[in-house]
Amino acid sequence: MNMVRVLERTGADVRYDAKQTCCGQPAFNTGYHDESRDMALHFLDIFDGDGSDYIVAPSGSCVTMVKVFYGSLLELPEEYREKAERVRSRVHEFTSFLVDVLGKNSVGAEFHGRVTVHDSCHALRELRIREQPRLLLRNVKGLELVEMDAADVCCGFGGTFAVKHASVSTAMTEEKVESILRSGADVVTGVDSSCLMNISGMLKRRGSAVRCMHIADILGGSGS
Amino acid sequence: MTSRTPIIPQNLKLLVEERIHDDGLRGNIRRATHTSLGKRAAVVEDFPRWEEMRTTAHDIKKHVMDNLAHYLELFERQATEAGAQVHFARDAKEASSIVCGLAREHGERVIVKSKSMATEEIHLNPALQQSGLRVLETDLGEYIVQLAEEPPSHITAPALHKSRGEIGRLFSEQLGIPYTDDPEELTAIARRVLREEFLQADVGISGVNFGLAESGTICIVENEGNARLSTTLPKVHIAVMGIEKLLPDAESLGLFLNMLGRSATGQRITCYTSLITGPKRSTEPDGPEQLHIVLLDNGRSTMHADPKLREALYCIRCGACMNICPVYQKVGGHGYGSVYSGPIGSVVTPVFMGEQAAHDLPFASSLCGACADICPVRIDIHHHLLDWRHRMVEGQDGPLLERIAMRLFTFTALSALRFDLAGRLARLFAPFLKHSAGGMRLPVWSETREFPNLPEKSFKQLWKEDRERS
Ligand code: SF4
């Protein structure tokens, strides 16, 4: 709900269609295009022509699926190509929407703590989102932004990769966690919940006090 | 000492497990890849328009691949004109038998080789040995892995996985010399051994970095001078060249030399750049009497015919995608069980080894895309991995359980009602999976990480409540 709060604070009229489910990314990533396509068509049917100007999601990964993979790497039937084109241009990742579309560098938030950003791979390399979350965080009252080393290196999640190649994935997450701990931050944030869930899973296992928070929870949360 | 462990397709997980917990190995790989990456970053800064150069390099490669027949014919004509003998090899076996035939014909004492991945690809060394020939790797890294009877673990730095200490012990055991781990001393020792052999050799075998169609020239880059010796001292020089190595002309070579040296080792230019057009001419005092160029297909025309995979042929084998790959950094080249490792290796190996044998490779990636971002010729490597995953699943139906899970998830996600219900059920049953530290217990995942408890309410419920309040 925190994303909704932030968006409403900017004056946006936020709607939510309860018919929506999943963009199809998990199946697509694992190679199951037929299954993924079914979900993509469901997604396009719901969002195309729904009367809203923009579609905003708090996930670089889901946005990548729609914006980059629909109709390119995931082939769509002829009659859905135009739909996909229209939806693609309307869909935005949350921080990119605030900064690039609305032109806002600050959303009047307050948060007390030392925060570091993990760059999620899809957001960073498919959507080129890097500065947007940092810009917003720098303008949060009370927040101290610190950079970890190798912020742009993958956390090792990668969907089914984390299970199929668990030991490699774990080794990658270990390095990420060490970077975070070295940074001295007490909160690590980012634009994708899945990476944060992965990182948080290891921080907790290690008994670390460092918390993982989605950026929407910092920008729209209670302040600590 | 000259036999090499042949690469057999193996269970990928097993290969990985054997390596992932080896802290020494991981340290070696980490140090080496990070050194290369650091140097690369520094010299790339020389060019404010590096990104545009990558695009140009991509476009040139695309142009050559889109006109491959033309450039191949031109290259063959010009090379023949210059006195070289050009051979075509359809597959690894044919290539290896051509080279072995030539080597048997001309080689009696020793065959010297300079670093070449194409000859690894066709498993040339074992074949030469079976023909009763003695073959010696002359690139220091290749020499090291040959002594260790291992395949190279990196396409530009074959012994990258070894520490100085390990190399010192290897030299001491294999050459019967006192132990030292001083890099300069070790290099000097290798050089002494190799120089002797160079003078004995009657055949030199090399790879090719670039083939210039316009003039039939082959270009070889290196840092130790061993390739130059291998291609000039023996009376016969055999060069094995993948058909994708072509460039139109010397003008485009300038750009590619910059891209290759900088991306591979962070060098502005490699120490030696040899341009070879034909064998020794009658007016020249030295050089090989014969130059044979073996043009290698081995699956490349299959890639070429595939509109998606064609891009994989743009690769100039710089190894930058391996250096930056977090998976490669953890398991090293031998963890892939294929001649070409790392991200691009997982794209081309299904063609070279067959989809069955390479089935797991495209899945051994978190798809982070760092490879595509560093690639000097802008190959969308991780997107090719995604594409392979699809082909593998389509061709082999994927693991049964996974297939059922995907179907079930799709069935659920195609209706908001079912999706909702599934969410409710999950929340209902989640407490039974509770783990002591306050998270859920999941197979595999929970061995190294906690899994969060599901939130008590779905977004849908929260949204509904919120709207009812206001
Ligand atoms: S794919 Fe690109 S980065 Fe990797 S080796 Fe080839 S040229 Fe280099």
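The sequence lines fix the lettering, A, B, ..., with proteins before strands; numbering per chain opens at 1.
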Which answer fits B:Lys464, side chain, backbone, both or neither, if we ask what part of it has an atom under 4.5 Å from a heavy atom of chain A?
neither

Working note: A:Arg206 + B:Glu450, criterion side chain to side chain contact (heavy atoms under 4.5 Å, CB included); need CA distance, chi angles, decisive distance, verdict.
CA-CA 9 Å; A:Arg206 292 197 173 183; B:Glu450 304 294 331; over 6 Å; no

Whether over 12 other heavy atoms sit under 6.0 Å from B:Glu468 CD:
yes

For side chain to side chain contact (heavy atoms under 4.5 Å, CB included), just list the numbers for A:Asn29 and B:Phe363, CA-CA rounded to whole Å, side-chain angles, deciding distance to a tenth of an Å, and then say yes or no.
CA-CA 9 Å; A:Asn29 257 355; B:Phe363 294 92; over 6 Å; no

Report which part of A:Thr173 has an atom under 4.5 Å of a heavy atom belonging to chain B: side chain, backbone, both, or neither.
side chain

Using a strict threshold of under 4.0 Å (side-chain N to carboxylate O), is an ion pair present between A:Lys164 and B:Glu402?
yes

Toward chain A, the part of B:Val331 with a non-hydrogen atom under 4.5 Å
side chain

For B:Met406 and A:Pro26, work out which heavy atoms get closest and say how close.
CE-O, 4.0 Å

Quick one: pull up CE in A:Met172 and NZ in B:Lys330 and give me the separation to the nearest 0.5 Å.
6.0 Å

Salt bridge or not between A:Arg205 and B:Glu447? Use side-chain N to carboxylate O under 4.0 Å.
no

Which atoms of B:Trp445 are under 4.5 Å from chain A, going by heavy atoms: the side chain, the backbone, both sets, or neither?
side chain

Distance col, row A:Lys19:NZ vs B:Lys460:NZ, nearest 0.5 angstrom, shows 10.0 Å

Any side-chain heavy atom of A:Arg125 sitting closer than 4.5 Å to one from B:Cys368?
yes

Between A:Thr30 and B:Arg389, do the side chains contain a donor N or O and an acceptor N or O under 3.5 Å apart?
no

Do you know the tightest heavy-atom contact between A:Thr21 and B:Ala416?
CG2-CA, 3.8 Å

Just give me the residue among A:Ala162, A:Cys121, A:Gly158 that pairs up with chain B most often, heavy atom to heavy atom, under 4.5 Å.
A:Cys121

Any non-hydrogen side-chain atom of A:Met1 less than 4.5 Å from a side-chain atom of B:Lys457?
no

Is it true that B:Glu394 and A:Tyr32 share a donor-acceptor pair across their side chains at a distance under 3.5 Å?
no

Looking at every non-hydrogen atom in both residues, tell me the closest pair between A:His42 and B:Leu414 and how far apart they are.
CE1-O, 3.3 Å

Could you check whether any side-chain heavy atom of B:Leu367 comes within less than 4.5 Å of a side-chain heavy atom of A:Phe161, counting everything from C-beta outward?
no

Quick check for you: among B:Arg391, B:Arg26, B:Gln329, which has the greatest number of heavy-atom pairs under 4.5 Å with chain A?
B:Arg26

Under a plain distance cut-off of 3.5 Å, with no hydrogens placed, do B:His390 and A:Glu75 share a side-chain donor-acceptor pair?
no

Taking CD in B:Glu45 as the centre, count heavy atoms belonging to other residues, nucleotides or ligands within less than 6.0 Å. Is the count above 12?
no

For B:Val444 and A:Ala166, work out which heavy atoms get closest and say how close.
CG1-CB, 3.4 Å

How far apart are the C-alpha atoms of A:Phe69 and B:His383, what are their side-chain angles, what is the distance that settles it, and do they pass the side chain to side chain contact (heavy atoms under 4.5 Å, CB included) test?
CA-CA 10 Å; A:Phe69 297 153; B:His383 290 168; 3.6 Å; yes

Largest heavy-atom contact set with chain A, pairs under 4.5 Å, which of B:Leu417, B:Asp420, B:Leu386, B:Leu462:
B:Leu386

Do you know which of B:Ala364, B:Pro326, B:Pro362 has the most heavy-atom pairs under 4.5 Å to chain A?
B:Ala364

Relative to chain B, which segment of A:Asp34 carries a heavy atom at a distance below 4.5 Å: side chain, backbone, both, or neither?
neither

Let me confirm one number: the CD-CZ distance from A:Glu35 to B:Phe411, rounded to the nearest 0.5 Å.
13.5 Å

Does some side-chain heavy atom of A:Val4 sit less than 4.5 Å from a side-chain heavy atom of B:Phe459?
yes

Does the pair A:Arg128/B:Asp373 count as a salt bridge with the N-to-O cut at 4.0 Å?
yes

Please check if the number of heavy atoms outside A:Glu147 that lie under 6.0 Å from its CD is greater than 12.
yes

Nearest atoms (heavy-atom pairs only) where B:Arg449 meets A:Ser169
NH1-OG, 3.0 Å

For B:Arg407, is there an ion pair with A:Asp38 - N to carboxylate O distance below 4.0 angstrom?
no

What residue, out of A:Leu124, A:Asn198, A:Ile46, A:Leu74, has the most heavy-atom pairs lying under 4.5 Å from chain B?
A:Asn198

With a 4.5 Å heavy-atom cut-off, do A:Leu73 and B:Asp387 have their side chains touching?
no

Under 3.5 Å, is there a donor on one side chain and an acceptor on the other for B:Glu17 and A:Ser167?
yes

Measure across A:His165 and B:Asp360 and return the closest heavy-atom pair with its distance rounded to 0.1 Å.
NE2-O, 4.4 Å

What verdict does the salt bridge (Lys or Arg N to Asp or Glu O under 4.0 Å) test give for B:Asp466 and A:Arg5, after you've listed the backbone C-alpha separation in whole Å, the side-chain angles of each residue and the deciding distance to 0.1 Å?
CA-CA 11 Å; B:Asp466 190 77; A:Arg5 279 201 189 101; 3.7 Å; yes

